[in-house]
Amino acid sequence: MPAMEALLEDRSNGKARRHPNLYLKDGTLVIQVEDVLFNVHRSVLARYSTTIRDMLEITRESGINTRGNKENPLILTGDTVAAWELLLGLQYNTCVCLLALVRRKSSDSALRSLRVTSEQLKGEHLLMILGIANKYCMERIEQDIVKELKKASDYDGFVNIVVASRIVGSDKLYQDGLQCLLVSGSSPNMEQANRMGSEVTLTVMQKLLGEAAHFVGNLKPAMYLSLTVINRVPVGSIPSS
């Protein structure tokens with residue numbers, strides 16, 4: 001996917017600009033995130049998000065038929081362009097690209113350029129998508145992202161599980177992530193500690209200090225015996241090698 005710095009031709013005047021890849025020619029719903037416009041399909045978002053489906057239903061019932069077009073986009077506040085770009089990239093790779101083949105529109109460059117899978121994304125990207133999925137009640141996507149995060153095998157991945165547990169409000173996921181951190185036997189760096197939060201960091205460090213104290217405690221008798229033997233044997237009586 002293109003770098004965020006290169007997404008828009010000109011954002012200096014503050015006007016909303018079309019996303020170069022995700023403003024689709026046959027889109028039926030224009031949404032605005034920050035100062036970027038996405039033109040997607042109502043059916044795609046409504047299929048995954050009960051919240052957006054309800055928003056569109058309220059709009060239809062109230063008689064405001066113009067909401068969600070280029071003149072009056074559906075504005076989603078509090079979200080980031082990067083998160084929606086990632087989310088829509090995943091959705092369209094599995095949904096609209098298949099529709100494009102059925103409709104013989106595979107020549108559409110906007111569709112051909114989307115080749116993103118959850119396995120290719122970093123943990124930080126998955127967490128960004130998870131935040132949007134949770135906010136707009138995209139349960140299926142939320143479950144898939146959590147499943148992917150739980151495949152973690154390194155410390156950063158375990159931290160991501162803890163962060164994800166806060167996003168979705170799952171105590172079980174929190175305990176899973178915490179257990180992975182404790183079993184790893186490693187201490188977090190500053191960035192990881194900030195992401196985990198003080199409570200998790202304190203729990204991890206207390207366990208590590210407890211293990212260190214236990215280790216030192218087991219060494220004391222052996223060290224004392226060694227020092228006693230050395231002190232009792234005259235230096236001159238120790239045979240040279």
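Computed over heavy atoms, backbone and side chain alike; hydrogens, waters and symmetry mates excluded.
The side-chain contact (heavy atoms from CB on, under 4.5 Å) search around T28 returns H41, R42, not counting sequence neighbours. Looking at residues two or more places apart in sequence or on another chain, you find a side-chain contact (heavy atoms from CB on, under 4.5 Å) between I75 and Q32, T77. The ring-ring contact (aromatic ring centres under 6.0 Å, His included) check on F158 picks up nothing, with sequence neighbours excluded. The side chain to side chain donor-acceptor pair (under 3.5 Å) check on E142 picks up N134, with sequence neighbours excluded. Looking at residues two or more places apart in sequence or on another chain, you find no side chain to side chain donor-acceptor pair (under 3.5 Å) involving N194. Qualifying ring-ring contact (aromatic ring centres under 6.0 Å, His included) partners for Y174, counting only residues two or more places apart in sequence or in other chains: none. With sequence neighbours excluded, the residues satisfying side chain to side chain donor-acceptor pair (under 3.5 Å) with K135 are D79.
Screening residues 157-167 for side chain to side chain donor-acceptor pair (under 3.5 Å) gives N160-R195 as the qualifying pairs, with residues at least two apart or on separate chains. Sorted by first and then second residue, the side chain to side chain donor-acceptor pair (under 3.5 Å) pairs with a member in residues 175-187 read K172-D176; sequence neighbours excluded.
Around atom CD of E199, no more than 12 heavy atoms belonging to other residues, nucleotides or ligands sit under 6.0 Å away.
The side-chain heavy atoms of L202 and Q206, taken from C-beta on, include a pair separated by under 4.5 Å.
Between T201 and A193, the closest heavy-atom pair is OG1-O, 3.4 Å.
A donor-acceptor pair under 3.5 Å links the side-chain atoms of N39 to the main chain of L24, judged by distance alone.
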